[in-house]
K.L.:
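My questions all concern the structure below.
One-based numbering, in listed order, for ligands and for the atoms of each. Starting from 1, each residue takes its place in the sequence as its number. Treat the numbers as computed from the prediction; the structure is a model and nothing was measured.
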Amino acid sequence: MGSTGHNEEGQVVFGASEASRLAEELRASFISCKTRSYEWRRSQLKNLLKVAEYHEQEIIEALRSDLSKPEFESYVQEISMVKNSCKLALKELKHWMKPEKVKTSLTTFPSSAEIVSEPFGVILVISAWNYPFLLSLDPVIGAIAAGNAVVLKPSEIAPATSKLLAKLIGEYLDTSSIRVVEGAVKETSALLEQKWDKICYTGNARVGRIVMTAAAKHLTPVLLELGGKSPVVVDSSINLQVSTRRIIAGKWGCNNGQACVSPDYIITTKDFAPKLVDALKHELESFYGKSPLESKDLSRIVNSNHFARLKELLDDERVSGKIVHGGEVDETKLRISPTIMLDVPQDSLVMSEEIFGPLLPIITVDKLEESFDIISSGTKPLAAYLFSNDKKLKELFVMTVSAGGVVINDTTIHLAVHTLPFGGVGESGMGAYHGKFSFDAFSHKKAVVYRSFVGDAAVRYPPYTKGKLRVLKALLSGSLLGIIGVLLGWSKG
Ligand code: NAD
């Protein structure tokens, strides 16, 4: 889909001129004001909801083909999330679109003021492969709700979902204002050369820098949804079974660790680590059986490049002797079993980059408080988790650990709370979306002041005199007594 041309062999091509034409077409559509109306936004959101409702099985099949994603995860973590976002936007849209009345100050008296949410214009959404349905459509929902035209570029690493999105969006949505461009680096680079009004990019920080550099050329704002090494700090004062289950659900139960908010590594005390490892092993076996490589409840590694990357982390001689559970691989099926590594050195390969897969290293410390220094010595993660019953420790964690989001006594679930913003900080990204935050992320907050022709004060106009300055000083200080004083001639200012 999109404004594509053909080469001499008849293959579809999408280069700079096609990207430029597409941007022009969508800009013209935006300028025509059609995407601004409540009715248009509503109809597009309703149609997006239909995509998720009527094509559930096709979506599940595409995700199975791209990632062997279990149906359960496809439904709970992708399809239902998209549906919920659509439903919320449909329910709240009128309310979100309403200008927000705000107070004015004495300085502008008499006046009224409001904040008007205005669509940016044409949005470029570049999405990632790990949750290819959700991460493509969730930002699109926000962009449409805010009244923008949108171009979506799904990830080529999840080709079945990318193709399905192009087909369904072409069938269900208004293609004069919403388009899908399929493709990889060449196509994305062609799109990035164009002027957009906001770019939403989900993926790794290396490409995030490429996106931001391209955006800078046109002074285009960016929403960067990146990743990082999300730590889990585990205290000994916990319900061990509930904690291990929740760690497993966030790690291997989220696309086999290929999720931006999956626990990346654990920090616990030397004394408690053996207990925690035993509990994790026990629960892992009860969830995925004795042969996890055969389990239908675990996604596979997305492709051979990522498999090779993870294999390298696994084979690093500094950690290969530290594997206390798992470590099995099946290269032909691109499967790696849930793997736990105990006491890994902090300067090992597995600790130097985001793992994004089924390996879980555990770092041990003498005192749990040391975990704060370990976390803050790295870049700011997308999520940070603490399992503890200690009130002081929880307070300290929330106060001192800088991360996109924090969850106490669970993992990943903050993503499902639509009243919370979802986004990173520092190296894990900038900007946030979800729920009303999605609407805000794709709206310019326009400041509007209304005045009438009454109450025109000569004091603001030249010729500037000492008397006028005294009145203005009193006005700007906001002190009513001061103003009265000046008006009555009591004050010399
Ligand atoms: P990816 O390989 O699918 O890349 C993301 C997008 O960038 C794709 O659409 C791709 O075509 C495009 N791209 C790749 N190279 C490019 C280049 N050189 N120039 C222009 N565009 C290019 O996904 P990925 O980066 O492997 O995704 C995994 C990363 O994304 C992890 O770091 C993960 O934590 C992060 N992530 C973050 C979130 C979030 O919501 N914060 C969600 C999912 C993944």
K.L.:
State whether Lys311 and Glu331 are salt-bridged, where the test is any N-O pair (Lys NZ or Arg NE/NH1/NH2 against Asp/Glu carboxylate O) under 4.0 Å.
P.N.:
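A salt bridge is absent here (no side-chain N lies under 4.0 Å from a carboxylate O).
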
K.L.:
Heavy-atom distance under 4.5 Å between the side chains of Val406 and His414, does that happen here?
P.N.:
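Answer no - side chains too far apart.
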
K.L.:
Quick check on contacts: which atoms of ligand 1 are under 4.0 angstrom from a heavy atom of Leu382?
P.N.:
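The list of qualifying atoms is 41 (N).
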
K.L.:
Specify the protein heavy atom at minimum distance from atom 33 (C) of ligand 1: its residue, its atom name, and the distance to 0.1 Å.
P.N.:
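For atom 33 (C) of ligand 1, the nearest protein heavy atom comes out as Phe356 CE1, 3.3 Å.
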
K.L.:
For atom 29 (C) of ligand 1, which of the options Gly183, Gly424, Gly203, Ser262 provides the nearest non-hydrogen atom?
P.N.:
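That would be Gly203.
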
K.L.:
Just checking His55 against Phe133, ring centres under 6.0 Å apart?
P.N.:
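Between Phe133 and His55, which both carry aromatic rings, the centre distance is not below 6.0 Å.
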
K.L.:
Does ligand 1 come near enough to Asn204 that some N or O of the ligand is less than 3.5 Å from an N or O of the residue?
P.N.:
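Among all N and O atoms of Asn204, at least one is under 3.5 Å from an N or O of ligand 1.
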
K.L.:
For atom 5 (C) of ligand 1, which protein heavy atom lies nearest, and how many Å away is it?
P.N.:
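Protein heavy atom at minimum distance: Thr202 O, 3.5 Å.
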
K.L.:
Short N/O distance, under 3.5 Å, between Asn130 and ligand 1?
P.N.:
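Checking ligand 1 against Asn130, no N or O pair falls under 3.5 Å apart.
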
K.L.:
Could you find the nearest protein heavy atom to atom 10 (C) of ligand 1 and give me its residue, atom name and distance?
P.N.:
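The closest one turns out to be Glu156 OE1, 3.4 Å.
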
K.L.:
Say whether Ser127 and ligand 1 are in contact under the criterion: heavy-atom distance to a ligand atom below 4.0 Å.
P.N.:
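Yes; Ser127 lies near enough to ligand 1 that a heavy-atom distance drops under 4.0 Å.
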
K.L.:
Testing Leu386, Leu368, Asp235 one by one against Phe397 for a side chain to side chain contact (heavy atoms under 4.5 Å, CB included), which residue passes?
P.N.:
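Among Leu386, Leu368, Asp235, the one that satisfies the side chain to side chain contact (heavy atoms under 4.5 Å, CB included) with Phe397 is Leu386.
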
K.L.:
Please determine whether a side-chain nitrogen of the Lys or Arg among Lys322 and Asp343 lies less than 4.0 Å from a carboxylate oxygen of the Asp or Glu.
P.N.:
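No.
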
K.L.:
Which protein non-hydrogen atom lies closest to atom 4 (O) of ligand 1, naming both residue and atom, and how far is it?
P.N.:
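Residue, atom and distance for the closest contact: Tyr201 OH, 4.5 Å.
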
K.L.:
Regarding atom 41 (N) of ligand 1: of the candidates Leu415, Asn303, Leu226, which has the closest heavy atom?
P.N.:
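The residue whose heavy atom sits nearest atom 41 (N) of ligand 1 is Leu226.
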
K.L.:
May I ask which of Pro139, Cys260, Ala190 has a heavy atom nearer to atom 38 (C) of ligand 1 than the others do?
P.N.:
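Nearest option to atom 38 (C) of ligand 1, by heavy atoms: Cys260.
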
K.L.:
Atoms of ligand 1 less than 4.0 Å from Glu225 heavy atoms?
P.N.:
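Matching atoms, with element in brackets: 37 (C), 38 (C), 39 (C), 40 (O), 41 (N).
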
K.L.:
Under 4.0 Å from a heavy atom of Ala128: which atoms of ligand 1 are those, numbered in the order shown and with their elements?
P.N.:
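Within the 4.0 Å cut-off of Ala128, ligand 1 contributes 3 (O), 23 (O), 27 (O).
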
K.L.:
Going by the order shown, which atoms of ligand 1 are within less than 4.0 Å of some heavy atom of Ile126?
P.N.:
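Near Ile126, the atoms of ligand 1 are 6 (C), 7 (O), 9 (O).
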
K.L.:
Do you know the tightest heavy-atom contact between Pro119 and Ala146?
P.N.:
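Smallest interatomic distance, heavy atoms only, reads CB-O, 3.1 Å.
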
K.L.:
Does the side chain of Pro358 come within less than 4.5 Å of Asn256's, by heavy atoms?
P.N.:
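Asn256 vs Pro358: side chains touch.
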
K.L.:
Evaluate the ring planes of His444 and Phe120, with Trp represented by its six-membered ring, and classify them as parallel (under 30°), tilted (30 to 60°) or perpendicular (over 60°).
P.N.:
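Geometry flag for Phe120 against His444: tilted rings.
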
K.L.:
I'd like to check whether Tyr433 has a polar contact with ligand 1, where a contact means an N/O of the residue lying under 3.5 Å from an N/O of the ligand.
P.N.:
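No; every N/O pair is 3.5 Å or more apart.
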
K.L.:
Distance under 6.0 Å and angle within 45° of the ring axis: does Lys69 meet both against Tyr131?
P.N.:
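Relative to the ring axis of Tyr131, which defines the angle, Lys69 lies inside both limits.
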
K.L.:
Does ligand 1 have an atom that lies less than 4.0 angstrom from a heavy atom of Tyr131?
P.N.:
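The answer is no, since Tyr131 has no heavy atom less than 4.0 Å from ligand 1.
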
K.L.:
Any idea which protein heavy atom is nearest atom 2 (O) of ligand 1, and the distance to it?
P.N.:
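Protein heavy atom with the smallest distance to atom 2 (O) of ligand 1: Ile157 CD1, 3.3 Å.
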
K.L.:
With a 4.5 Å cut-off on side-chain heavy atoms, are Phe387 and Arg246 touching?
P.N.:
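SC-SC contact between Arg246 and Phe387 confirmed.
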
K.L.:
Which residue supplies the protein heavy atom nearest to atom 17 (C) of ligand 1, what is that atom called, and how far is it?
P.N.:
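Looking only at protein heavy atoms, the one closest to atom 17 (C) of ligand 1 is Val185 CG1, 3.8 Å.
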
K.L.:
Measuring only between side-chain heavy atoms, which start at C-beta, is Asn148 closer than 4.5 Å to Lys198?
P.N.:
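The answer is no, as the side chains (C-beta and beyond) never meet within the 4.5 Å cut-off.
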
K.L.:
Give the atom numbers and elements of ligand 1 that come within less than 4.0 Å of a heavy atom of Ile210.
P.N.:
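Here the atoms of ligand 1 in question are 18 (N).
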
K.L.:
Could you find the nearest protein heavy atom to atom 3 (O) of ligand 1 and give me its residue, atom name and distance?
P.N.:
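Protein heavy atom at minimum distance: Ser155 OG, 2.6 Å.
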
K.L.:
Classify the ring geometry of Trp129 against Phe356: parallel below 30°, tilted from 30° to 60°, perpendicular beyond 60°.
P.N.:
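If you compare the ring of Trp129 with that of Phe356, the planes turn out perpendicular.
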
K.L.:
Should Thr161 and Leu67 count as side-chain neighbours, where that means a heavy-atom distance under 4.5 Å?
P.N.:
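No, too far: nothing below the 4.5 Å cut-off.
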
K.L.:
Would you mind checking which non-hydrogen protein atom is closest to atom 31 (C) of ligand 1, with the distance to 0.1 Å?
P.N.:
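Protein heavy atom with the smallest distance to atom 31 (C) of ligand 1: Glu354 OE1, 3.4 Å.
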
